[in-house]
Structures are given as structure tokens and as C-alpha cells.
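Order of the sequence lines sets the chain letters (A, B, ...), proteins ahead of strands, with each chain counted from 1. No hydrogens, no waters, no symmetry mates; every other heavy atom, side chains included, goes into these values. This one's a predicted model, so the numbers in the text were calculated from it and none came from an experiment.
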There are 2 protein chains.
Amino acid sequence: MGLTKTEGYTQAQIELATVAKVLGHPARIAIVQHLLEINACIGNDLMDVLPLSQPTISRHLAELKKVGIIQGTIEGSSMNYCINAHRWREIRQMLGGLLGMEPGAQCC
Amino acid sequence: MGLTKTEGYTQAQIELATVAKVLGHPARIAIVQHLLEINACIGNDLMDVLPLSQPTISRHLAELKKVGIIQGTIEGSSMNYCINAHRWREIRQMLGGLLGMEPGAQCC
DNA sequence: TCTTTATATAGCAATATTGCAATATTAAAA
DNA sequence: TTTTAATATTGCAATATTGCTATATAAAGA
């Protein structure tokens, strides 16, 4: 298959999984961290930060954009990418809600 | 390719991505939520909770176990699964560290 | 012992992901 | 206008993921 079933889950579960999945690649983690750290918008300075080719970086950026984590604006012939602050807080809420739960007493 | 490059990233980035990736499926989110909520160890009660066949559930459980999120002990002819509390806190730290970062002023 | 229950594994088919080279595309620069 | 720089897209090959059915396996029960 390769196809993930979606019926039988809540919308929240699907949303959570979708975001987690996008964060589930070291290149995308590295991009997000970089954008959070340098606190500035970048074009493909990422070429110097990631061990990947330009087309591959472009695709990772597109995936991050698809779930709203980053946004990009055109600046002449280059792109300015940065974290979407609002969406970032939303994601913090979502994932934080899950992570914040306490496992209770171990029973195995 | 289909194969994720690992050179050129920090160990922390790879670890983060690995955990996020495992959480990147609604079935695995549902399993984790369920285990956190009922605060009890279960066998395949999950059959009643997920829209998946027993073998498929078993595989999702195996993936969660591989990264240490859950652990299982044999109980007669069935398995007791539960969240690994220690690992859970570790993951909260890791992911929380990323999520906690503030995007700073929007510039695009 | 035979059967049932609970689980895991193997094997398969379909789709998804990842990465690169090659090629568009678009704007700035010469 | 030609060239350069910065990106995105296409096309491809290799591997990964997902889900199922069928089949082990192992303990409990009859």
C-alpha cells in the first residue's frame, strides 16, 4: 500500500501526525532550527548548512511550507523563508498537549 | 533514493527526526494517546480502537517500541504495552526544546 | 492432547519518500 | 540583450512505508 488510512481517526490525530511526519526528517529539523536561530529570512544559504543539493533542499522547503511551518516571500530573484510564528505556536500547542501528558504509574 | 542521508547532521537532529517520524502516523498517535489516557497496560484492545488489522497494529507497536516510546512485557499469552515514562520525559525535553523556541519578529 | 486466544512474522502489492541531474523560470547585472 | 544567480520543477532510480492475507508461535483452556 504505502497509503495511510485516514478514516477512523479524529481530525486532531491526523493533523498531529501530519505535522510530526514533516518534522520527521533531519534536513527539515535542521532547516527549522536554523530559521529559529538566525531569526532572519534566508534564501538558499541553506546550501551551506545542509548536505543536500539545491533541488532537494527546495523540496524539503516545499514540504515545510505545505503544513504552514514556514512561509516564503519573493525578494527579487530569491526567496525569503521564515517560520510562520502563528502556526508555530499552534503546533507548539498541539504537540505540547500530547507531550505534556503524564504516563502515570508504570505497570510493565 | 528513499534513503535518508545522515551525514552532515548532528546526532540530536537525527534523534529528533527519528522520534518525530515515528509519531508521524495517525495510528501511532492514537496508540500513544490511548496508552497515556487509560493509564494501563493493554494487549490488543487496540483492535477495538484502531481501524486496522491485527498484524498492522502489531507493526505500529513495534515501531513505537523501537524508539523506546512504549515497552511491552509478556503476560501469559498476551502482551502488556505501556508508555516508557522515562523515555517519554526525554522526548518531551527534546521536542519541547525545539517547540519552545520563539520565532522572533516576522520578516516575510 | 486438541482447540482457542493472542500475538508476531513473512510475503506481497501499491504507494510514498528521498535524492540527484537536467532543465525550466525569473529577475538582476553586465 | 546576453549572462548570471537563485529557485523551482521534471524525470528517474532506489528504497521505505503501509496494509493486507496467510502463516507461525506460544500459552491457556477444554
Among [options], which nucleotide sits nearest the side chain of [X]?
{"X": "B/Pro55", "options": "C/dA10, C/dA21, C/dG19", "answer": "C/dA10"}
{"X": "A/Gln54", "options": "D/dA16, D/dA8, C/dT18", "answer": "D/dA8"}
{"X": "B/Ser53", "options": "D/dG19, D/dC20, D/dA28", "answer": "D/dC20"}
{"X": "B/Leu52", "options": "C/dA27, D/dC20, D/dT7", "answer": "D/dC20"}

Nucleotide [N], atom [atom2] - distance to [atom1] of [X] in whole Å:
{"X": "A/Lys66", "N": "D/dT9", "atom1": "NZ", "atom2": "P", "answer": "12 Å"}
{"X": "A/Met47", "N": "C/dC20", "atom1": "CE", "atom2": "C1'", "answer": "12 Å"}
{"X": "B/Glu75", "N": "D/dA26", "atom1": "CD", "atom2": "C1'", "answer": "15 Å"}
{"X": "A/Asn44", "N": "D/dT4", "atom1": "CG", "atom2": "P", "answer": "20 Å"}
{"X": "B/Lys5", "N": "D/dA14", "atom1": "NZ", "atom2": "P", "answer": "17 Å"}
{"X": "B/Ile74", "N": "C/dT7", "atom1": "CD1", "atom2": "P", "answer": "11 Å"}
{"X": "A/Asn80", "N": "D/dA8", "atom1": "CG", "atom2": "C1'", "answer": "16 Å"}
{"X": "A/Met79", "N": "C/dT26", "atom1": "CE", "atom2": "P", "answer": "14 Å"}

Taking the side chain from A/Arg28 and the backbone from A/Val22, do they hold a donor-acceptor pair closer than 3.5 Å? yes

Mind listing the residues from residues 10-31 of chain A sitting with a heavy atom below 4.0 Å of DNA chain D? Number order is fine. none

DNA chain C-proximal residues of residues 56-65 of chain B, any heavy atom under 4.0 Å: B/Ser58, B/Arg59

Rounded to 10°, the angle between the first-five-pair and last-five-pair axes of the helix from C/dT1-D/dA30 to C/dA30-D/dT1 is 10°

Comparing nearest nucleotides in DNA chain C, the 5'-proximal residue of the pair A/Ser77, A/Thr4 is A/Thr4

Salt-bridge contact B/Glu63-B/Lys21 (side-chain N to carboxylate O under 4.0 Å): no

